[in-house]
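See structure below.
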Amino acid sequence: FMLRDPQKLYRHDRLLGPLLDSILPSAVHPNHITIFRFALIPGILWLLMRENYIFGISLFLFASATDVFDGTLARWRKQITDWGTRYDPLADKLLICSVILYFAFLHLSLTLGIVLVALDFGTALIGAWFFHHGRILSANRYGKMKMFFEVIGVTFALAALAFSFPLLIIGAQISFAVAIIAAVVSLATFGT
């Protein structure tokens, strides 16, 4: 299998990198954004538990977007660190898994939530094993697809609650099913 060069820019990096670089002061490093994402997780869960879905969805989407921001900024500014490589995926997994488990436990299939979380942490364990052995695995296209469909699924699920529109639950289930397929392929191709 091929390990992706973590320094290599994605297409979206060439568009978003200059914008982020001009907006964010040089004192803001990609790892600061990752730490910020960790810090947002309790607030998101608190808003959801209070059934404040509009703000919960907004904060969840913002926190999800910071995953793109820190990765793009790290590659654009050439500030990729071992810490960021290790903890950025963990921040993503904690963000998405905490919301999936919260939602699945209360409103969806708990089995589906457990499968998604198990696959997410399976990729994290593979990434940690490789990191421990001196190799860095980056998210491949299937890992990014998995995260995208998880975010879409959670957004649909929360919007279904916020707007009392149960048909969005079907969209959430389809998104989660696609995320599961992408996660399996990501695991099989050694992505994170």
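Side chains are part of it too, since the values below use all heavy atoms of this structure and drop only hydrogens, waters and symmetry mates. As the structure is a computational prediction, the values presented were derived from the model and not from experiment.
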Discussion item. Is it the case that the side chain of Ser98 and the backbone of Leu95 share a donor-acceptor pair, with hydrogens and angles ignored and the cut-off at 3.5 Å?
Written reply: yes
Response to the item:
Separation between CG (Leu73) and OG1 (Thr66), nearest 0.5 Å, reads 11.5 Å
Worksheet item: Do Arg75 side-chain atoms and Leu9 backbone N/O form a donor-acceptor pair below 3.5 Å?
Response: no
Worksheet item: Excluding sequence neighbours, so at least two apart, what forms side-chain contact (heavy atoms from CB on, under 4.5 Å) with Ser175?
Response: Phe149, Ile152, Phe156
Item to complete: Indicate yes or no: does Asp92 engage Arg37 in a salt bridge with an N to O separation below 4.0 Å.
Response: yes
Discussion item. Can you tell me how far apart OH (Tyr53) and OG (Ser58) are? Round to the nearest 0.5 Å.
Written reply: 14.0 Å
Worksheet item: Between the side chain of Tyr102 and the main-chain N/O of Leu48, is any donor-acceptor distance below 3.5 Å?
Response: yes
Worksheet item: Transitively linked via ILVMFWY side-chain contacts under 4.5 Å: Phe38 with Met147?
Response: yes
Worksheet item: Rounded to the nearest 0.5 Å, how far does OG1 of Thr72 lie from CZ of Arg14?
Response: 11.5 Å
Worksheet, complete the sentence: dist Cys97:SG -> Ile114:CD1 (nearest 0.5 Å) comes out at 11.5 Å
Worksheet item: If every non-hydrogen atom of Ile96 is compared with every non-hydrogen atom of Val151, which pair is closest and at what distance?
Response: CD1-N, 3.8 Å
Item to complete: Consider only side-chain heavy atoms of I, L, V, M, F, W and Y, link residues closer than 4.5 Å, and tell whether Leu94 and Val115 are in one cluster.
Response: yes
Throw together a table of side-chain donor-acceptor distances under 3.5 angstrom for residues 16-36, partners on residues two or more places apart or in other chains.
unit_1: Asp21; atom_1: OD1; unit_2: Arg77; atom_2: NE; d: 2.7
unit_1: Asp21; atom_1: OD1; unit_2: Arg77; atom_2: NH2; d: 3.2
unit_1: Ser22; atom_1: OG; unit_2: Pro18; atom_2: O; d: 3.3
unit_1: Ser22; atom_1: OG; unit_2: Leu19; atom_2: O; d: 2.8
unit_1: His29; atom_1: ND1; unit_2: Gln79; atom_2: NE2; d: 3.3
unit_1: Asn31; atom_1: OD1; unit_2: Thr81; atom_2: OG1; d: 3.4
unit_1: Asn31; atom_1: ND2; unit_2: Thr81; atom_2: OG1; d: 3.0
unit_1: His32; atom_1: ND1; unit_2: Ala27; atom_2: O; d: 3.4
unit_1: His32; atom_1: ND1; unit_2: His29; atom_2: N; d: 2.9
unit_1: Thr34; atom_1: OG1; unit_2: Pro30; atom_2: O; d: 3.4
unit_1: Thr34; atom_1: OG1; unit_2: Asp70; atom_2: OD2; d: 2.6

